[in-house]
Amino acid sequence: MAKTVIIPEGTGKPLAPYVPATKADNIVYVSGTLAFDENNNVVHVSDAAAQTRHVLTTIQKVIETAGGTMDDVTFNSIFVKDWADYAAVNTVYAEFFPNDKPARFCIQCGLVKPDALVEIASIAHVG
(Lines give C-alpha, C1' and ligand atoms only; values in the text may rest on other atoms or scores of the structure.)
Protein backbone atom coordinates (compact mmCIF):
# COMPACT_ATOMS: atom_id res chain seq x y z
CA MET A 1 0.00 0.00 0.00
CA ALA A 2 1.41 3.35 -1.03
CA LYS A 3 0.80 6.20 1.38
CA THR A 4 1.00 9.85 0.31
CA VAL A 5 1.17 12.80 2.68
CA ILE A 6 -1.22 15.62 1.70
CA ILE A 7 -0.13 19.15 2.62
CA PRO A 8 -1.98 21.95 0.81
CA GLU A 9 -0.05 25.07 -0.16
CA GLY A 10 -0.03 27.67 2.61
CA THR A 11 -0.53 25.14 5.42
CA GLY A 12 0.94 26.24 8.75
CA LYS A 13 3.14 24.03 10.90
CA PRO A 14 1.05 21.57 12.96
CA LEU A 15 0.95 21.84 16.75
CA ALA A 16 1.94 18.18 17.12
CA PRO A 17 3.58 15.43 15.03
CA TYR A 18 0.94 14.98 12.30
CA VAL A 19 0.13 16.11 8.75
CA PRO A 20 -3.11 17.60 7.39
CA ALA A 21 -3.96 14.32 5.64
CA THR A 22 -2.68 11.06 4.27
CA LYS A 23 -3.94 9.23 1.20
CA ALA A 24 -3.77 5.45 0.89
CA ASP A 25 -5.54 3.37 -1.75
CA ASN A 26 -7.60 6.40 -2.85
CA ILE A 27 -8.83 6.99 0.70
CA VAL A 28 -7.99 10.37 2.21
CA TYR A 29 -7.80 10.60 5.98
CA VAL A 30 -8.00 14.24 7.06
CA SER A 31 -6.60 15.02 10.50
CA GLY A 32 -8.69 16.82 13.09
CA THR A 33 -9.01 20.36 11.77
CA LEU A 34 -9.56 23.48 13.86
CA ALA A 35 -10.14 27.11 12.90
CA PHE A 36 -6.47 28.11 12.97
CA ASP A 37 -4.60 30.76 11.03
CA GLU A 38 -1.11 30.02 9.63
CA ASN A 39 0.38 30.64 13.12
CA ASN A 40 -2.02 28.24 14.88
CA ASN A 41 -4.03 31.04 16.44
CA VAL A 42 -7.78 30.45 16.68
CA VAL A 43 -9.76 32.63 14.27
CA HIS A 44 -13.38 33.76 14.62
CA VAL A 45 -13.28 33.58 18.42
CA SER A 46 -16.77 33.09 19.94
CA ASP A 47 -18.37 32.41 16.52
CA ALA A 48 -19.09 28.70 16.03
CA ALA A 49 -20.59 29.20 12.56
CA ALA A 50 -17.55 31.10 11.29
CA GLN A 51 -15.18 28.57 12.85
CA THR A 52 -17.12 25.71 11.23
CA ARG A 53 -16.93 27.45 7.85
CA HIS A 54 -13.18 27.97 8.29
CA VAL A 55 -12.68 24.31 9.29
CA LEU A 56 -14.73 22.94 6.37
CA THR A 57 -13.03 25.29 3.90
CA THR A 58 -9.68 24.00 5.15
CA ILE A 59 -10.86 20.39 4.80
CA GLN A 60 -12.14 21.17 1.30
CA LYS A 61 -8.69 22.49 0.36
CA VAL A 62 -7.07 19.31 1.70
CA ILE A 63 -9.49 17.04 -0.18
CA GLU A 64 -9.01 19.03 -3.40
CA THR A 65 -5.22 18.83 -3.02
CA ALA A 66 -5.66 15.05 -2.81
CA GLY A 67 -7.64 15.08 -6.07
CA GLY A 68 -11.19 14.95 -4.73
CA THR A 69 -14.20 17.08 -3.85
CA MET A 70 -16.41 17.40 -0.81
CA ASP A 71 -18.82 14.97 -2.54
CA ASP A 72 -16.13 12.31 -1.94
CA VAL A 73 -16.33 12.71 1.85
CA THR A 74 -17.88 9.59 3.35
CA PHE A 75 -17.41 10.16 7.09
CA ASN A 76 -16.89 13.07 9.48
CA SER A 77 -15.99 13.09 13.15
CA ILE A 78 -17.23 16.32 14.74
CA PHE A 79 -16.16 17.63 18.13
CA VAL A 80 -17.89 20.64 19.70
CA LYS A 81 -16.90 22.44 22.86
CA ASP A 82 -20.50 23.30 23.77
CA TRP A 83 -23.81 21.76 22.66
CA ALA A 84 -25.17 25.30 22.45
CA ASP A 85 -23.19 25.61 19.19
CA TYR A 86 -24.63 22.44 17.64
CA ALA A 87 -27.28 24.21 15.54
CA ALA A 88 -24.79 26.75 14.17
CA VAL A 89 -22.38 23.96 13.26
CA ASN A 90 -25.16 22.02 11.49
CA THR A 91 -26.32 25.05 9.50
CA VAL A 92 -22.85 25.62 8.03
CA TYR A 93 -22.22 21.88 7.66
CA ALA A 94 -25.32 21.59 5.45
CA GLU A 95 -23.88 24.25 3.10
CA PHE A 96 -20.81 22.06 2.44
CA PHE A 97 -22.86 18.86 2.06
CA PRO A 98 -26.03 19.95 0.25
CA ASN A 99 -26.72 16.57 -1.43
CA ASP A 100 -25.98 13.13 -0.06
CA LYS A 101 -24.66 13.61 3.46
CA PRO A 102 -21.65 11.70 4.81
CA ALA A 103 -22.02 9.47 7.84
CA ARG A 104 -20.81 11.21 11.00
CA PHE A 105 -20.78 11.46 14.74
CA CYS A 106 -20.65 14.50 16.99
CA ILE A 107 -19.47 14.67 20.58
CA GLN A 108 -18.97 17.44 23.11
CA CYS A 109 -15.45 17.68 24.51
CA GLY A 110 -12.60 19.99 25.40
CA LEU A 111 -10.45 21.08 22.45
CA VAL A 112 -6.72 21.78 22.20
CA LYS A 113 -7.09 25.57 22.54
CA PRO A 114 -9.65 27.30 24.80
CA ASP A 115 -11.05 29.54 22.02
CA ALA A 116 -11.62 26.60 19.64
CA LEU A 117 -15.31 25.72 19.41
CA VAL A 118 -15.35 22.98 16.75
CA GLU A 119 -13.00 20.39 15.29
CA ILE A 120 -13.73 18.07 12.36
CA ALA A 121 -11.82 15.09 10.97
CA SER A 122 -12.87 13.54 7.65
CA ILE A 123 -12.50 10.46 5.48
CA ALA A 124 -12.97 10.71 1.71
CA HIS A 125 -12.79 8.17 -1.11
CA VAL A 126 -11.32 9.87 -4.19
CA GLY A 127 -10.50 8.68 -7.70
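Taking the side chain as every heavy atom from C-beta outward, Ile78 and Ile120 approach each other to under 4.5 Å. With a 4.5 Å cut-off on side-chain heavy atoms, His44 and Leu117 do not count as touching. Looking at His125 and Ile27, their side chains come closer than 4.5 Å, going by heavy atoms from C-beta outward. Using a 4.5 Å heavy-atom cutoff, the side chains of Thr58 and Phe36 are not in contact.
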I'd like a table of donor-acceptor pairs (distance under 3.5 Å, sequence neighbours excluded) in which one partner is a side-chain atom from residues 7-23, with atom names and distances.
from	atom 1	to	atom 2	distance (Å)
Thr11	OG1	Pro8	O	2.6
Lys23	NZ	Ala66	O	3.0

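In this structure Phe96 satisfies the ring-ring contact (aromatic ring centres under 6.0 Å, His included) test with no other residue, sequence neighbours excluded.
Under the 4.5 Å side-chain heavy-atom criterion for ILVMFWY residues, no single connected hydrophobic cluster contains both Ile123 and Ile59. No continuous path of hydrophobic side-chain contacts links Val92 to Val43 [ILVMFWY only; heavy atoms under 4.5 Å]. Under the 4.5 Å side-chain contact rule for hydrophobic residues, Leu56 and Tyr29 do not share a cluster.
The shortest non-hydrogen separation linking Asn76 to Ser122 is OD1-OG, 2.5 Å. The two residues Val45 and Val42 have their closest heavy-atom pair at CG2-O, 3.9 Å. For the pair Val55 and Leu34, the tightest heavy-atom approach, listed with the atom from each and the gap, is CG2-C, 3.5 Å. Of all heavy-atom pairs between Ile63 and Ala124, the closest is CD1-CB, 3.5 Å.
Taking OG from Ser77 and CD1 from Ile107, the interatomic distance works out to 8.5 Å, rounded to the nearest 0.5 Å. Rounded to the nearest 0.5 Å, atoms OG1 (Thr4) and CG (Asp25) are 10.0 Å apart. Atoms NE2 and OG1, on His54 and Thr33 in that order, are 9.5 Å from each other to the nearest 0.5 Å.
Using the six-membered ring where Trp is involved, Trp83 and Tyr86 have ring planes that are perpendicular, over 60° apart on the 30 and 60° scheme. Aromatic ring orientation, Phe79 versus Phe105: perpendicular (interplanar angle above 60°, classes split at 30° and 60°).
Within the structure, salt bridge (charged side-chain N to carboxylate O under 4.0 Å, His left out) contacts touching residues 91-116 (residues at least two apart or in different chains) are Arg53-Glu95.
Side-chain atoms of Gln108 come within 3.5 Å of backbone N or O of Lys81 as a donor-acceptor pair.
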